[in-house]
Amino acid sequence: MSERRRSQVALVLCGSFNPLTYTHLRVLEMARDQITSTSGVNVVGGLISPVHDEYSRQKDTLISSKHRVKMIRLTLSEQEDNWVQLWDWEVRQTGWKCTSEVLLESERVCRQLYGPTVRVMLVCGIDMLKKMADPECWDPVDVEYIVKKYGLLVHMRRGYDVEAVLQEFPEHYRQFIVLVPNTVHCEVSSTEIRSLTGRGLSTRYLLSDKVATYIKKNRLYRTSPRNSVAHPTLVGYTHIHSPRGSVVGYAHVSRGAGKLGVYTPPPRGGSTGEYEESDVE
Ligand SMILES: Nc1ncnc2c1ncn2[C@@H]1O[C@H](COP(=O)(O)OP(=O)(O)OP(=O)(O)O)[C@@H](O)[C@H]1O
Ligand SMILES: NC(=O)c1ccc[n+]([C@@H]2O[C@H](COP(=O)(O)O)[C@@H](O)[C@H]2O)c1
């Protein structure tokens, strides 16, 4: 069948992208491969839609969309023959929009970009599908609308029992859900990138070099609540010297993200010690 006669599909990937990693791009690539090979549709484009800053009420690690959008742009700028693009509609709204609204708007945009017959499909990981079964998080009416109107391309992730997740939904939803096998295992999550960065470890080859440099330059992900000095790790002790140079005690040395804290206990008889923090590379 000619390219033009095959039905046209655009893929939409919603999420935090905090930051975008190569895995997010692989998720889209594998979704495109799967749907092209199993149903012969023509995937004409893909949109990456970062969530609004207001979503930080749900995820306290979410950083400003100014940075998240910039990092998506940097990553996409280095790809050749790109069928995927950033769609920043969500972050430009006055507040968070539920995914059904996002998809409705994406449909309008995709029709302008790719033609009036294009169909939108939502791509997500199995973790997101599992959350969709939680009525505290997702309105079941919304979920039904999304599943039936758009259809889902769902990626496997380690640690999830796919069948158990699917059983949380009505049986007839199954026909609207395409499971995407991991042709090559890519398990990197943004959480891991933030954690590596917070510990001062390399993130190279897991995301774009330009993004790694951007993170470093803007000192992002260095003080997440979990690894800030509010919850420091004790890394050792240092001697306290008298003015004459003799050792008179020990101070506790603790390390948070990018900070070194030294706690000096109170002198004998005193009630409060001293805490001093300094930045470390
Ligand atoms: N390793 C992965 N395998 C399959 N799907 C993934 C993977 N990483 C992310 N996704 C999917 O990509 C979409 C956007 O991801 P998002 O940035 O919100 O989550 P994340 O990378 O898991 O981030 P975080 O670790 O901050 O929760 C979601 O649907 C998510 O399930
Ligand atoms: N009711 C809803 O439409 C709803 C609820 C929770 C998350 N989401 C979306 O899911 C995406 C991923 O969020 P999580 O990373 O919290 O799973 C985000 O784009 C977010 O906006 C939508």
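When a ligand or atom number is given, it counts from 1 through the structure's own listing order. Computed over heavy atoms, backbone and side chain alike; hydrogens, waters and symmetry mates excluded. Positions are given from 1 along the sequence.
- Classification of the Tyr214-His67 ring pair by plane angle, with boundaries at 30° and 60°, yields perpendicular.
- Nearest heavy-atom pair, Met156 versus Leu179, reported as atom, atom and distance to 0.1 Å: CE-CD2, 3.7 Å.
- For ligand 2, the polar-atom distance check finds no N/O of Asp139 at less than 3.5 Å from any of the ligand's N/O atoms.
- Looking at atom 15 (O) of ligand 2, its nearest protein heavy atom turns out to be Lys59 NZ, 2.7 Å.
- No N or O atom of His155 sits closer than 3.5 Å to an N or O atom of ligand 1.
- Here the CG atom belonging to Leu104 is positioned 4.5 Å from the OH atom belonging to Tyr145, to the nearest 0.5 angstrom.
- On a distance-only criterion, Leu13 and ligand 1 share no N/O pair closer than 3.5 Å.
- The pair Asp161-Lys130 does not meet the salt-bridge criterion, since no charged nitrogen lies less than 4.0 angstrom from a carboxylate oxygen.
- Heavy-atom contacts of Val27 reach the following atoms of ligand 1: 4 (C), 5 (N), 6 (C) (cutoff under 4.0 Å).
- When each atom of ligand 2 is checked for a heavy atom of Cys14 under 4.0 Å away, the hits are 19 (O).
- A salt bridge links Glu105 to Arg108: at least one charged side-chain nitrogen sits closer than 4.0 Å to a carboxylate oxygen.
- Protein heavy atom at the shortest distance from atom 31 (O) of ligand 1 is Asp127 OD1, 2.6 Å.
- Remark: minimum distance from atom 19 (O) of ligand 2 to any protein heavy atom is reached at Gly15 N, 3.4 Å.
- At a cut-off of 3.5 Å, with distance as the only test, a side-chain donor of Ser49 or Glu90 sits close to an acceptor on the other residue.
- Atom numbering of ligand 1 starts at 1 in the shown order; those under 4.0 Å from a heavy atom of Ser189 are 25 (O).
- Among protein heavy atoms, the minimum distance from atom 21 (O) of ligand 2 is reached at Trp96 NE1, 2.9 Å.
- Trp138 NE1, 3.4 Å is the protein heavy atom nearest to atom 6 (C) of ligand 2.
- Backbone and side-chain nitrogen or oxygen atoms of Ser16 are examined, and one is located within less than 3.5 angstrom of a nitrogen or oxygen of ligand 1.
- Interface of Arg194 with ligand 1, defined as ligand atoms under 4.0 Å from a residue heavy atom, comprises 26 (O).
- For ligand 1, the polar-atom distance check finds no N/O of Thr23 at less than 3.5 Å from any of the ligand's N/O atoms.
- A salt bridge is absent between Asp53 and Lys66: the closest approach of a Lys/Arg side-chain nitrogen to an acidic carboxylate oxygen does not fall below 4.0 angstrom.
- Hydrophobic clustering keeps Val109 apart from Ile48 (ILVMFWY residues linked when any side-chain heavy atoms are closer than 4.5 Å, directly or through intermediates).
- Here the heavy atom of the protein found nearest to atom 3 (O) of ligand 2 is Thr99 N, 2.9 Å.
- Scanning Ser190, Pro19, Cys14, Ala31 for the heavy atom closest to atom 23 (O) of ligand 1 points to Ser190.
- Atom 2 (C) of ligand 1 has Arg157 NE, 3.3 Å as its closest protein atom, hydrogens excluded (heavy atom only).
- Within the structure, ligand 2 has Lys131 among the residues with a heavy atom less than 4.0 angstrom away.
- Donor-acceptor pairing under 3.5 Å is recorded for the side chains of Glu29 and Trp83.
- When only non-hydrogen protein atoms are considered, atom 13 (O) of ligand 2 lies nearest to Tyr55 OH, 3.4 Å.
- Closest heavy-atom contact between Arg157 and Ile126: N-CG2, 3.3 Å.
- Interatomic distance, Thr23 OG1 to Leu207 CG, rounded to the nearest 0.5 Å: 9.0 Å.
- Interface of Met128 with ligand 2, defined as ligand atoms under 4.0 Å from a residue heavy atom, comprises 10 (O), 11 (C), 12 (C).
- The single protein non-hydrogen atom nearest to atom 11 (C) of ligand 1 is Gly125 N, 3.9 Å, given as residue, atom name and distance.
- Here Lys70 contributes atom NZ and Ser65 contributes atom OG; the two are 13.5 Å apart, rounded to the nearest 0.5 Å.
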